[in-house]
Each structure stands twice: as C-alpha cells, then as structure tokens.
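Worksheet: one structure, shown below.
The chains referred to below are lettered A, B, ... by the order of the sequence lines, with proteins before strands, and numbering in each begins at 1.
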Amino acid sequence: MRELIEYIAKALVDNPEEVKVSEVEGEVTSVIELRVAKSDLGKVIGKEGRTARAMRTLLTAASTKIKKRAVLEIIE
Amino acid sequence: MEEQYQEFEAKTVDEAIVAAMKTFRAKFENLEIQVISEGSKGLFGLVGAKAAKILARPASRLEAPVSQTPGEFVPAPEPDEEPSPATPEDPALVEEAKGIITEILGRMNIPCQLRVHEDSTIEIVGDGSGLIIGKRGQTLDSLQFIVNRILNKDRQEPRYITLDTEGYRQRHMSHLKSLAIKMSQKARRTGQSVSLERMNPYDRRIIHLALKNDSRVNTMSIGDGIYKKVVIVPRKASK
C-alpha cells in the first residue's frame with residue numbers, strides 16, 4: 001500500500017525527493033501518512049481535493065483485495 | 001437515402017442499445033435511437049415480463065435531418081463541446097500511459113493485461129471481478145484521472161487517454177442514455193422537474209446530449225463543484 005501511494009505521489013509532484021510515505025499498520029486498518037514539499041501540497045490534493053480522493057479510492061480498492069482497510073492522511 | 005430503422009428487442013433498453021451498436025458496428029453517439037417500449041421485469045421476473053424495444057439506425061453522416069416526425073425523439077451526433085477524453089493518435093502517449101497503469105496496478109497487486117483499442121482506449125483485461133471498476137465506476141475513473149494527471153504533468157497541451165475494463169464504458173453510457181430517456185418521460189408525465197443524482201462532467205454531458213434534440217424538455221446542471229446534478233425540466237406545451 002505504501003508503495004502505491006509513494007509511486008503516485010512521486011509522479012505527481014515537482015520535488016519527488018521530498019516525498020515521504022510511512023505506514024502505521026494496525027490489525028485491520030493501517031494509516032498511510034504522506035508528506036510532500038509545501039509547494040507540492042496542491043499537486044497531491046488537487047482541485048477540490050480530487051486528486052486526494054482518487055488516491056484514496058485506489059487505496060481502498062487495493063486494500064479491499066487483501067481484506068484490509070487503509071486510510072490516507074496527507075500531512076501538512 | 002437514409003438507412004432504415006431496425007428494431008431491437010432485449011430485456012432492458014440498455015441491452016437493446018448494445019445490440020444495436022453491435023449490429024451497426026457503430027458507437028453509441030453515431031446511432032439514432034427511439035425507444036418504443038422500456039420493458040418491465042413483470043412480477044418476480046415471471047409474470048407479465050415485457051421486452052424492451054427500440055428502433056435504431058446509424059446517424060446520417062451529414063447534418064441530422066431537421067424535420068423529424070413531431071413528438072419523436074432522435075439524438076444526433078454532436079461535436080465535442082465540453083472537455084471529454086480526447087482520442088490521442090500519439091503512440092508514444094499511449095505507451096507512456098500503459099507504463100504508468102502497469103506501475104500502479106502492479107502496486108495494487110492486481111494482475112492484468114493491457115489492450116489498446118483502435119480509438120486508443122486502453123482496456124484493462126483483469127480477472128473480471130469488477131474490482132477495477134469499483135462502485136459506480138469510481139475506481140476506474142480514479143485510475144484514469146490519476147494516469148491523466150501524471151501524463152500531463154509536464155505537458156504544455158494536455159492530452160487525455162480513456163481507460164476501460166470489461167466493457168464498462170459502453171455499458172455505462174447506454175445506461176445513462178436510457179436513464180435520460182426514462183427520466184424525461186417522467187418529467188413530461190408528471191409535469192414536474194426531475195433531478196438526477198450528482199454526476200461528473202462527462203456523464204452529465206451524455207445526459208444533456210441525449211435530450212438535446214427533445215423539444216419537450218430542457219436540461220440544465222445545478223450545483224457547485226465538479227459533481228453537479230442534471231435537472232430535466234418539462235417545457236410548457238403552450239406559451
């Protein structure tokens with residue numbers, strides 16, 4: 001799950017080297033924390049949060065497949 | 001001069017339209033369709049089931065005929081007005097998109113193959129579980145959105161690709177189409193506006209175009225943001 005978000009975020013931003021993704025794994029639910037450069041925040045959130053929502057949808061689909069849950073937190 | 005209408009019968013209007021598209025080897029936009037009967041499942045699908053019936057023919061290449069039989073609804077092909085996924089003829093773009101899709105689906109642990117169609121739509125051939133489609137196509141739309149985002153990050157002129165899987169796009173389009181027709185009938189019958197649920201711009205466009213040539217109803221989008229509602233308003237008969 002971490003790799004999925006990392007790949008997408010790095011492909012979207014201008015400063016991929018500043019993309020940091022960590023995963024806090026729980027029994028069922030894991031939390032994925034995404035950090036990007038301040039100037040890239042808009043790139044991963046998108047207009048009206050559309051990009052963030054799309055990433056969350058993909059994350060949900062991928063975790064459903066392994067019968068888990070994952071939450072994406074974008075850290076400012 | 002013009003091709004004759006042909007009749008199609010199926011369980012639902014959707015299926016009848018798909019059958020028509022197959023017969024004429026035409027896309028949905030290039031067909032003129034009249035719904036004769038919507039069909040009904042009957043009681044428990046056993047008693048009184050009625051088949052849906054439509055008339056369809058390929059739209060004429062030139063301008064759509066202006067003098068339609070009054071009271072009949074015939075959609076005409078339309079030039080693109082709103083942003084819609086364009087058809088790229090650029091093989092490099094398609095290759096780039098395929099690379100991105102493979103990377104993403106690989107990280108989602110979804111094994112799949114990619115097939116490129118003539119119209120440059122990239123079809124994801126998966127296990128048929130519907131996982132890639134998601135609820136109301138959400139997952140497929142999200143994937144398409146992100147792929148286009150990545151593709152156009154450094155591009156001056158944006159180019160868009162369309163993703164499909166398990167024939168979803170075509171099914172969804174004919175579903176929207178028959179929904180538009182059904183709801184316009186409801187609007188006329190009741191004399192009241194019918195508002196549809198919130199949709200993305202591309203889906204709204206299909207609804208607007210489907211009812212564009214129906215002089216008995218008006219359509220408009222209301223709401224803020226990307227997802228708006230389409231409202232179908234019956235026109236007053238005399239005024």
Decide yes or no on side chain to side chain contact (heavy atoms under 4.5 Å, CB included) for N200(B) and D203(B), but give the supporting numbers first. CA-CA 6 Å; N200(B) 67 37; D203(B) 289 358; 3.4 Å; yes

L105(B) portion near chain A, given a 4.5 angstrom heavy-atom threshold: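 No part of L105(B) comes within 4.5 Å of chain A.
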
Interface residues of [range] facing chain B - non-hydrogen atoms under 4.5 Å apart:
range: residues 48-63 of chain A; result: E48(A), R50(A), T51(A), R53(A), A54(A), M55(A), T57(A), L58(A), A61(A), A62(A)
range: residues 15-34 of chain A; result: none
range: residues 66-76 of chain A; result: none

Sort by residue number and list every member of residues 107-117 of chain B having a non-hydrogen atom under 4.5 Å from chain A.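 Listed by number, the contacting residues are R107(B), M108(B), N109(B), I110(B), P111(B).
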
Are a donor atom and an acceptor atom from the side chains of Q185(B) and R216(B) found within less than 3.5 Å of each other?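 Absent: no donor and acceptor within the cut-off.
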
Between R235(B) and N218(B), is any side-chain donor less than 3.5 angstrom from a side-chain acceptor?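 Yes, N218(B) and R235(B) have a side-chain donor paired with an acceptor closer than 3.5 Å.
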
Stepwise, does the side chain to side chain contact (heavy atoms under 4.5 Å, CB included) test hold for D40(A) with V44(A)? CA-CA 7 Å; D40(A) 282 330; V44(A) 290; 5.9 Å; no

Please confirm whether the backbone N or O of [Y] pairs with a side-chain atom of [X], one donor and one acceptor, at under 3.5 Å?
X: R171(B); Y: E166(B); value: yes
X: S174(B); Y: Q170(B); value: yes
X: N148(B); Y: Q144(B); value: yes

Among I100(B), D141(B), V147(B), which residue has the highest count of heavy-atom pairs closer than 4.5 Å to chain A?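 Counting heavy-atom pairs under 4.5 Å, the top option is I100(B).
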
Please evaluate residues Y160(B) and N152(B) with respect to the criterion side chain to side chain contact (heavy atoms under 4.5 Å, CB included), reporting the C-alpha separation (whole Å), side-chain torsions for both, the decisive distance (0.1 Å), and the verdict. CA-CA 8 Å; Y160(B) 297 101; N152(B) 287 306; 3.7 Å; yes

Counting only heavy atoms not in K22(B), do more than 12 fall under 6.0 Å of its NZ?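 12 or below, so no.
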
